[in-house]
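We count residues from 1, following the sequence as given.
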Amino acid sequence: MLERLNMKVALDEKQYRKQLADTQEELHDLHFQIYKEQVPVLCVFEGWDAAGKGGAIKRLAECLDPRGFSVETFAAPKGEERTHHYLWRFQARLPRAGHLTIFDRSHYGRVLVERVEGFCSGNEWARAYREINEFEAHQTGFGMVICKFWLHITPQEQLRRFKSRERDPYRSYKLTEEDWRNRAKTPEYTQAVEEMLERTSTSTAPWTVVEANDKWHARVKIVRTVARAIKGAL
């Protein structure tokens, strides 16, 4: 699936500014409508390191009423989180009715980093596809709109962004040894991503794969996809 993407798609600055402004204006109005109709919305962000998740989330959130959305960031489970089923901490942070929640990383870590790095057993990540599909089906049955994004960049573009961060004193903190270590396992992660997309993209909670070599194109596509999903639900 990933190899068939057109990674050369791009916008120039004029197209980007016009299309982003238009889609953000539409999403702003729809955000008010989901509050009126009490529709919960969940946006899930996954992707390669340096794929631009933070910038995309910023453009999605900046047009929303701050009282009506939240951003939840997830890292490795710790403390009480480790004493529960892995979905427990995500269940607790799902959006309430009329609210939009953004997951920066998510429950898909079970079939991505936990699978590749061996943080769970083969049986645990193998059954997680069914568990996640059922988990999301429960939410969509409740009326939740779920938008899931995989931000895809090529290995060459990732290397360029890594080196750019490395040279920038204001962004170098974003680049860690773990990023380089994960890059060395690109084939294993690619296999895990392909299987995740194939087995957990459903009619009610589909994956949107975003060609993110061009950040401007990626941001517009994400905001537009969320707007269309909410509009369809309303």
Undergrad: Between Glu166 and Lys163, is there a side-chain N and carboxylate O pair less than 4.0 Å apart?
TA: no
Undergrad: Is there a side-chain contact between Val113 and Asn182 (heavy atoms, below 4.5 Å)?
TA: no
Undergrad: Hydrophobic clusters here meaning ILVMFWY residues chained together by side-chain heavy-atom distances under 4.5 Å, can you tell me if Phe162 and Met7 are in one?
TA: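 Different clusters.
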Undergrad: Please report the shortest heavy-atom distance between Phe69 and Ala61, naming the atom on each side.
TA: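 Closest approach of Phe69 to Ala61, heavy atoms only: CE1-CB, 3.6 Å.
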Undergrad: Report the C-alpha separation of Lys53 and Phe149 in whole Å, then their side-chain angles, then the decisive distance to 0.1 Å, and conclude whether the side-chain contact (heavy atoms from CB on, under 4.5 Å) test is met.
TA: CA-CA 9 Å; Lys53 292 183 294 296; Phe149 298 101; over 6 Å; no
Undergrad: According to the interplanar angle, ranging from 0 to 90°, do the rings of His107 and Phe103 count as parallel (below 30°), tilted (30 to 60°) or perpendicular (above 60°)?
TA: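 The arrangement is perpendicular - the two ring planes meet at more than 60°.
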Undergrad: Using 0.5 Å steps for rounding, measure from the CG atom of Leu64 to the CD atom of Glu62.
TA: 9.0 Å
Undergrad: Is a donor from one side chain sitting under 3.5 angstrom from an acceptor on the other, for Arg93 and Ser70?
TA: no
Undergrad: Take Ile230 and Gln33 through the test side-chain contact (heavy atoms from CB on, under 4.5 Å) and record every step on the way to the result.
TA: CA-CA 9 Å; Ile230 294 174; Gln33 291 299 317; over 6 Å; no
Undergrad: Examine distances only and state if a side-chain atom of Glu114 and a backbone atom of Trp125 form a donor-acceptor pair shorter than 3.5 Å.
TA: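 No, because the side chain of Glu114 does not come within donor-acceptor range (under 3.5 Å) of the backbone of Trp125.
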Undergrad: Measure the NE2-CZ distance between His85 and Arg110 for me, rounded to the nearest 0.5 Å.
TA: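 If we round to the nearest 0.5 Å, His85:NE2 and Arg110:CZ are 7.0 Å apart.
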Undergrad: Any side-chain heavy atom of Arg199 sitting closer than 4.5 Å to one from Val111?
TA: no
Undergrad: Got a donor-acceptor contact below 3.5 angstrom from the Ser201 side chain to the Trp207 backbone?
TA: yes
Undergrad: Using a 4.5 Å cut-off on heavy atoms from C-beta on, say whether the side chain of Phe32 contacts that of Asp65.
TA: no
Undergrad: List the atom of Phe45, the atom of Ala56, and the distance in Å for their closest heavy-atom pair.
TA: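 Of all heavy-atom pairs spanning Phe45 and Ala56, the closest is CE2-CB, 4.1 Å.
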Undergrad: Identify the heavy atoms of Leu112 and Trp150 that sit nearest to each other, and give their distance.
TA: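 Scanning both residues completely, I find the closest heavy atoms to be CD1-CZ3, 4.1 Å.
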Undergrad: Should Ile146 and Val71 be counted in the same cluster of Ile, Leu, Val, Met, Phe, Trp and Tyr side chains packed under 4.5 Å apart?
TA: no
Undergrad: How far does CD of Glu72 sit from CG of Leu94, to the nearest 0.5 angstrom?
TA: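 Between Glu72 CD and Leu94 CG, I get 9.5 Å after rounding to 0.5 Å.
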Undergrad: Looking at CD of Gln15 and NE2 of His217, how far apart are the two atoms once the value is rounded to the nearest 0.5 Å?
TA: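 It comes to 11.5 Å.
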Undergrad: Taking all non-hydrogen atoms of both residues, which atom of Ala218 and which atom of Glu211 are closest, and how far apart?
TA: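 Shortest heavy-atom contact: CB-O, 4.1 Å.
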Undergrad: Can you check whether Arg59's main-chain N or O pairs, donor with acceptor, with Arg219's side chain at less than 3.5 Å?
TA: no
Undergrad: For Trp88 and Glu81, which heavy atoms make the closest approach, and how far apart are they?
TA: CZ3-CA, 4.1 Å
Undergrad: Say whether Val145 and Val44 are linked into one hydrophobic cluster, either directly or through other cluster members, by side-chain heavy-atom distances under 4.5 angstrom.
TA: no
Undergrad: Within the supplied structure, the quantity of interest is the number of heavy atoms (other residues, nucleotides, ligands) at a distance under 6.0 Å from Tyr35 OH; does it exceed 12?
TA: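 Incorrect, the count does not exceed 12.
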Undergrad: Is there a path of hydrophobic side-chain contacts, each under 4.5 Å between heavy atoms of I/L/V/M/F/W/Y residues, joining Leu197 to Val210?
TA: no
Undergrad: When rounded to the nearest 0.5 angstrom, what is the spacing between CG in Leu151 and OG1 in Thr208?
TA: 10.5 Å
Undergrad: Would you say that Glu131 contacts Tyr86 through its side chain, given a criterion of any heavy-atom pair below 4.5 Å between the two side chains?
TA: yes
Undergrad: So which heavy atom on Thr225 is nearest to which on Cys147, and how close?
TA: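 Heavy atoms of Thr225 and Cys147 come nearest at O-SG, 4.5 Å.
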Undergrad: For the pair Lys221 (side chain) and Val209 (backbone), establish whether a donor and an acceptor sit closer than 3.5 Å, ignoring hydrogens and angles.
TA: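 Yes: the side chain of Lys221 pairs with the backbone of Val209.
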Undergrad: How long is the straight-line distance from CZ of Arg89 back to NZ of Lys78, given to the nearest 0.5 Å?
TA: 10.0 Å
Undergrad: Please say yes or no: joined through hydrophobic side-chain contacts below 4.5 Å, possibly via intermediate residues, are Trp48 and Trp216 part of one cluster?
TA: no
Undergrad: More than 12 non-hydrogen atoms from neighbouring residues, nucleotides or ligands closer than 6.0 Å to CD on Glu194, yes or no?
TA: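 Count over threshold, so yes.
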Undergrad: Does the Asp168 side chain pair with the main chain of Arg165, one donor and one acceptor, at a distance under 3.5 Å?
TA: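 Answer holds: no.
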Undergrad: Do Leu87 and Gln91 come within less than 4.5 Å of each other through their side chains, counting heavy atoms only?
TA: no
Undergrad: Taking Gln158 for the side chain and Asp49 for the main chain, is one N or O donor matched with an acceptor at less than 3.5 Å?
TA: yes
Undergrad: Would Asp179 and Arg183 pass as an ion pair if we require N to O under 4.0 Å?
TA: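 No, Asp179 and Arg183 are not salt-bridged.
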Undergrad: Taking C-beta and beyond as the side chain, do Leu42 and Gln139 meet within less than 4.5 Å on heavy atoms?
TA: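 Contact flag for Leu42/Gln139 side chains = no.
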Undergrad: Quick one, Val226 with Leu30, criterion side-chain contact (heavy atoms from CB on, under 4.5 Å). Give me CA distance, side-chain angles, the key distance, then yes/no.
TA: CA-CA 10 Å; Val226 174; Leu30 290 167; over 6 Å; no
Undergrad: Among Glu25, Glu26, His31, Gln24, exactly one meets side-chain contact (heavy atoms from CB on, under 4.5 Å) together with Cys63. Which residue is that?
TA: Gln24
Undergrad: Take atom CD of Glu177 as the centre, draw a 6.0 Å sphere, and report whether it contains more than 12 heavy atoms from other residues, nucleotides or ligands.
TA: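 Atom CD in Glu177 is not crowded, with 12 or fewer foreign heavy atoms closer than 6.0 Å.
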Undergrad: Tell me which donor-acceptor pairs under 3.5 Å the side chains of residues 115-122 have, and how far apart each pair is, sequence neighbours excluded?
TA:
{"from": "Arg115", "atom 1": "NH1", "to": "Tyr129", "atom 2": "OH", "distance (Å)": "3.0"}
{"from": "Arg115", "atom 1": "NH1", "to": "Glu195", "atom 2": "OE1", "distance (Å)": "3.0"}
{"from": "Arg115", "atom 1": "NH2", "to": "Glu195", "atom 2": "OE1", "distance (Å)": "3.4"}
{"from": "Glu117", "atom 1": "OE1", "to": "Arg181", "atom 2": "NH1", "distance (Å)": "2.9"}
{"from": "Glu117", "atom 1": "OE1", "to": "Lys185", "atom 2": "NZ", "distance (Å)": "2.9"}
{"from": "Glu117", "atom 1": "OE2", "to": "Arg181", "atom 2": "NH1", "distance (Å)": "3.4"}
{"from": "Glu117", "atom 1": "OE2", "to": "Tyr189", "atom 2": "OH", "distance (Å)": "2.9"}
{"from": "Ser121", "atom 1": "OG", "to": "Glu124", "atom 2": "N", "distance (Å)": "3.2"}
{"from": "Ser121", "atom 1": "OG", "to": "Glu124", "atom 2": "OE1", "distance (Å)": "3.4"}

